[in-house]
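All chains are named by letter (A, B, ...) in the order of the sequence lines, taking the proteins before the strands, and each is independently numbered beginning at 1.
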Amino acid sequence: MRQLLLTTILAAGSLAAFAATGNAAVPDSCVKGVDLATLGPKSIVGQGPHGEKAASPEVLALTDAEAAKVKAGNFKVGISMQTVNLDWSQLQVQGITDTLNKYGVTVTGVASAEYQVDKQIADIENTIQQHPDGIISIPVDFTATAPTYKKVSQAGIKLVFMDSIPTGLEHPKEYAAMISADSQGNGQIAAQILASCMPEGSTIGLVNFGVDYFSTNERTKGVSEWMKKNRPDIQMKQVDFTDPAKVSQIAGDFLTGNPDVKGLFAVWDQPALDSLSSMRAQGIDIPVTTVDLGLQSAIEIAKGGPLKATGSQRPYDQGVAEAMAMMNALIGKETPAWIGVQSLPVVQSNVLESYKTVFKKDPPKELLDACNGAKPACN
Amino acid sequence: MTDPALAKTAAQAARAQPDRMRQLAWTLLRGERPYMLYIAFAILLVIFSFASPWFLSVENFLNIGRQTTLVSIIAVGMTFVIIARQIDLSVASNLALSGMAAALAMAHIGNHWIVGAVAGIGCGALVGLVNGLLTMRLAIPSFLVTLGTLSAARGLALMVTNTKPVIITDETYFAVFGEGSLLGIPAPIAWTAAAMIVGILLLHYNIFGRRIYAAGGNPTAALYSGIQIKRVTTMAFVLTGMLAGLAALVLSARSHAARPDVVQGMELDVIASVILGGCSLFGGRGFILGTLLGSLIIGTLNNGLVLLGVSSPMQLVIKGAIIVAAVAFTKR
């Protein structure tokens with residue numbers, strides 16, 4: 001019995017009292033060695049889902065005569081989103097609405113599919129009933145929604161997509177344009193800054209989304225291709241997650257099982273924050289970079305902790321481009337199949353300004369406080 | 001961790017005669033077939049130790065301990081609820097809501113860790129009380145009641161800030177619940193130990209525990225013995241809610257923010273731990289240490305499979321198969 005008790009105590013072995021820390025030697029060039037002006041790709045580097053070359057949003061500009069034509073058309077446009085609960089989608093909708101209203105186009109409504117295919121199909125069918133001239137939408141899924149989008153184009157309604165194209169739809173017959181962030185470019189920014197923090201011959205870990213999804217695939221691809229080309233001395237190891245709720249555990253275990261990993265790339269900001277929380281618990285302090293900007297990740301960057309940088313999307317500007325593409329289509333101008341919105345590198349020295357650029361509003365108090373606590377490095 | 005009751009128990013154990021020792025061990029370890037559970041856990045440890053050079057280290061066991069914290073803490077309460085022949089599906093949503101309550105209280109009432117703690121645990125207790133009252137007073141099956149609160153509590157959590165996370169800035173809060181340590185033990189593990197000890201004292205050394213067993217084992221007999229089943233069972237729900245609140249504090253302290261969308265689906269891990277730990281889904285049987293082992297077995301599986309570099313869909317398949325096998329094995 002005594003032995004059993006002992007076994008039990010051992011079984012609860014996690015209660016053992018011990019703490020260990022392991023920190024990497026980060027070179028002085030970390031972040032500082034990268035010139036922000038030359039950071040990131042000068043143009044869109046990725047290719048569209050069908051291998052298209054990207055066009056820049058400037059090609060969508062309207063002449064005065066064209067703008068007058070849009071105004072005279074009294075057009076109506078509906079919006080169908082996957083969700084309206086993200087900052088990302090709210091900023092998109094705001095960018096679209098502001099721009100369309102400026103040219104006298106009415107937004108008939110914004111539907112939120114809550115990530116459900118059947119709900120989105122119903123949303124779109126209901127929108128068709130309102131007889132709009134155009135629909136701007138992000139498909140929840142590539143395949144199941146495709147027949148419904150075909151119905152939209154058969155009804156003579158112009159289609160502009162954000163971020164992905166349902167399977168089988170053809171440009172320009174069935175849709176006018178797809179506008180997305182330059183995910184590979186975002187990955188490159190994250191790679192470039194992470195590389196500046198890595199000593200010669202070191203190893204980095206990629207915390208990747210294990211589900212086949214265009215934009216996250218492109219980000220990880222952006223990182224690994226940049227590393228192979230520019231820093232072939234750096235080894236890469238990858239860990240995949242399918243359930244975003246489990247990242248903290250998976251990243252923590254990955255770092256334990258791979259103690260040679262001295263830097264991390266996480267595929268979007270929440271997994272990066274979850275990796276940070278397990279690193280804190282394990283006493284690990286290695287540089288982390290990611291893609292996308294949120295309030296919490298902005299605060300972490302401002303503080304000057306392990307999160308060094310993010311390659312941010314510009315959802316508001318993407319919304320503006322979507323609205324412009326739609327108006328081009330409404331007056332019968334052909335638009336390129338894929339338009340990429342350029343990436344924005346965010347580091348400690350430009351985090352406040354970047355927050356304004358992305359969110360189109362002043363930074364909140366929490367971010368200002370975090371930044372003031374890290375002066376003068378934070379700006 | 002200077003609980004007087006615990007100190008007393010420990011002192012008694014030290015003084016005890018061999019038969020008294022045996023009784024203590026039996027009380028702590030009792031379950032349906034406890035030995036099989038320990039064997040199952042030992043087999044798992046041996047396999048992973050051979051398979052991965054990183055598995056067998058204090059650091060990695062601390063990882064497992066930290067990762068299983070949330071499930072272990074809540075599973076202590078769930079053990080009471082399941083022994084009382086009920087179920088609580090709302091724990092994960094309750095955790096999310098309680099975390100929001102704690103963070104919002106600190107942002108708007110006072111930026112002090114005690115304010116957060118009271119708000120978080122209080123909110124958890126309140127959800128537990130609603131579960132208990134609806135189940136026992138209105139005689140609605142707890143499966144349905146807590147299915148409802150699962151949805152409603154999550155909705156409320158998402159609604160209060162329009163789905164945005166609430167940032168926490170109090171350093172003491174991070175230290176007390178997330179990043180500090182007590183005698184070298186990381187805070188989350190210390191809180192798990194505290195919840196377990198309270199659970200053991202309540203379930204195995206207190207009249208409340210005996211009433212819970214009676215209420216679940218044979219409600220009719222319990223009723224005729226003068227046990228207030230409704231009150232006792234409601235208390236079990238409140239206890240579970242409070243522990244969900246405590247888990248919320250640990251999680252939010254670790255991530256420096258409360259998020260309304262966290263730990264969706266965790267109730268199933270909690271229930272799996274309790275059942276794997278030898279608790280009967282039909283009530284009347286179960287023990288706290290078994291629950292902890294159940295949670296550690298699942299946590300060890302999660303950890304070991306990542307260390308081995310198993311692909312993430314394959315992990316799910318292996319984990320499911322091993323859990324079913326472990327339950328079958330321990331049932332023999």
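Heavy-atom pairs under 4.5 Å with chain A peak, among B/Asn302, B/Asn60, B/Asn162, at B/Asn302. Per-residue heavy-atom pair counts under 4.5 Å with chain B were compared for A/Asp369, A/Val211, A/Thr256, and the maximum is reached by A/Thr256. Chain A forms more heavy-atom pairs under 4.5 Å with one residue of B/Leu305, B/Thr163, B/Val262 than with any other, namely B/Thr163.
With a threshold of 4.5 angstrom between heavy atoms, B/Asn63 approaches chain A through side-chain atoms but not through N, CA, C or O. Both the backbone and the side chain of A/Ile250 come within less than 4.5 Å of a heavy atom of chain B. Looking at A/Lys365, there are no atoms closer than 4.5 Å to chain B (heavy atoms on both sides), in backbone or side chain. Proximity to chain B is limited to the side chain of A/Glu366, based on heavy atoms less than 4.5 angstrom apart. Using a 4.5 Å cut-off between heavy atoms, A/Asp274 touches chain B through its side chain atoms alone. When heavy atoms are compared at a cutoff of 4.5 Å, A/Lys246 approaches chain B solely by way of its side chain, counted from C-beta outward. Looking at A/Ile299, only its side chain comes within 4.5 Å of chain B, counting heavy atoms on both sides. Only the side chain of A/Gln90 comes within less than 4.5 Å of a heavy atom of chain B; its backbone N, CA, C and O stay farther away.
Taking the six-membered ring where the residue is Trp, the centroids of B/Phe61 and B/Phe55 are separated by under 6.0 Å.
Remark: the backbone N or O of B/Leu251 is paired with a side-chain donor or acceptor of B/Ser255 at under 3.5 angstrom. Between the side chain of B/Ser52 and the backbone N or O of B/Phe48, no donor-acceptor pair lies under 3.5 Å.
With 3.5 Å as the limit, one finds a donor-acceptor pair spanning the side chains of A/Asp253 and B/Asn303. With 3.5 Å as the limit, one finds a donor-acceptor pair spanning the side chains of A/Glu114 and A/Ser112.
Looking at B/Lys164 and B/Asp261, no side-chain N of the basic residue comes within less than 4.0 Å of a carboxylate O on the acidic one, giving no salt bridge.
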Anything under 3.5 Å between a donor and an acceptor, one on a side chain of residues 172-189 of chain B, the other on a protein residue two or more places apart or in another chain? List them.
from: B/Tyr173; atom 1: OH; to: B/Ser252; atom 2: OG; distance (Å): 2.8
from: B/Glu179; atom 1: OE2; to: A/Arg280; atom 2: NE; distance (Å): 3.0
from: B/Glu179; atom 1: OE2; to: B/His256; atom 2: NE2; distance (Å): 2.8

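By the side-chain contact (heavy atoms from CB on, under 4.5 Å) test, B/Pro260 is found to be paired with B/Met100, B/Ala157, B/Leu158, residues two or more places apart in sequence or in another chain being considered.
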